[in-house]
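Taking it in order: structure first as structure tokens, then the write-up.
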Amino acid sequence: SSPNLLFTNLVLSVLVSFFSFLSTYVLVLSLGFYVPFWILVIVITSTLLSNFIPVNGIAGIGTIEAIWVAVLSYFGYNFESAVILSFSTHILQLLLTSIIGFIGFIQIRKFIA
């Protein structure tokens, strides 16, 4: 029924968002930076809003980093660390997503052929 479907989609959306935030948090920690989880939630939410900016770089490079730097600077992180952290996380996320996508592409081709 429609209410059950809506509730299921709501729960799944919240879980996907939570694990997205959590994976970014683990990535940031693995890069040797400490940013509290709640600040990363604000940073990631702010980057999602960057989709409304009419000018965006390829794969969001530049726009997303600018938002990371702005938000982290607001919370007192120095400029250099914010730039390094933003580019590192974005590049690693793009790389990991590409690798997982490529593996998925290969797996789908096995089932199609």
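The chain is numbered in sequence order, starting from 1.
Looking at Val35 and Val43, their side chains never come closer than 4.5 Å, going by heavy atoms from C-beta outward. For the pair Leu6/Leu10, no side-chain contact is recorded, criterion being any heavy-atom separation below 4.5 Å from C-beta on.
Considering CG of Leu49 and CD1 of Ile44, their distance stands at 12.5 Å, rounded to 0.5 Å. Between the CD1 atom in Ile84 and the CG atom in Asn78 there is a gap of 8.0 Å [rounded to 0.5 Å]. Separation of atoms CG (Leu40) and OG1 (Thr89) is listed at 8.5 Å; rounding is to 0.5 Å. Within the model, atoms OG of Ser17 and CG of Leu12 stand 11.0 Å from one another, a figure rounded to the nearest 0.5 Å. Expressed to the nearest 0.5 Å, how far CZ of Phe105 lies from NZ of Lys110 amounts to 12.5 Å. With values rounded to the nearest 0.5 angstrom, Ile42 atom CD1 is found 14.0 Å from Ile67 atom CD1.
No continuous path of hydrophobic side-chain contacts links Leu96 to Ile64 [ILVMFWY only; heavy atoms under 4.5 Å]. No continuous path of ILVMFWY side-chain contacts below 4.5 Å connects Val83 to Ile39, so the two sit in separate hydrophobic clusters. There is a path of hydrophobic side-chain contacts, each under 4.5 Å, that joins Val28 to Tyr34. A continuous path of Ile, Leu, Val, Met, Phe, Trp and Tyr side chains, each step under 4.5 Å between heavy atoms, connects Leu27 with Leu29, placing both in one hydrophobic cluster. Residue Phe75 is not grouped with residue Phe79 when hydrophobic side chains (ILVMFWY) are merged at heavy-atom distances under 4.5 angstrom, including chains of intermediate members.
With a 6.0 Å radius and a threshold of 12 heavy atoms from other residues, nucleotides or ligands, Tyr74 has its OH atom at or below the threshold. By the neighbour-count criterion of 12 heavy atoms within 6.0 Å, atom CZ of Phe7 is sparsely surrounded, having that number or fewer from other residues, nucleotides or ligands.
Aromatic rings from Trp68 and Tyr77 are positioned such that their centres are separated by 6.0 Å or more.
Checked against side chain to side chain donor-acceptor pair (under 3.5 Å), Thr24 has the following partners two or more places apart in sequence or in another chain: Gln93. The side chain to side chain contact (heavy atoms under 4.5 Å, CB included) search around Ser23 returns none, not counting sequence neighbours.
Ser46 approaches Val71 most closely through the heavy-atom pair OG-CG2, 3.9 Å.
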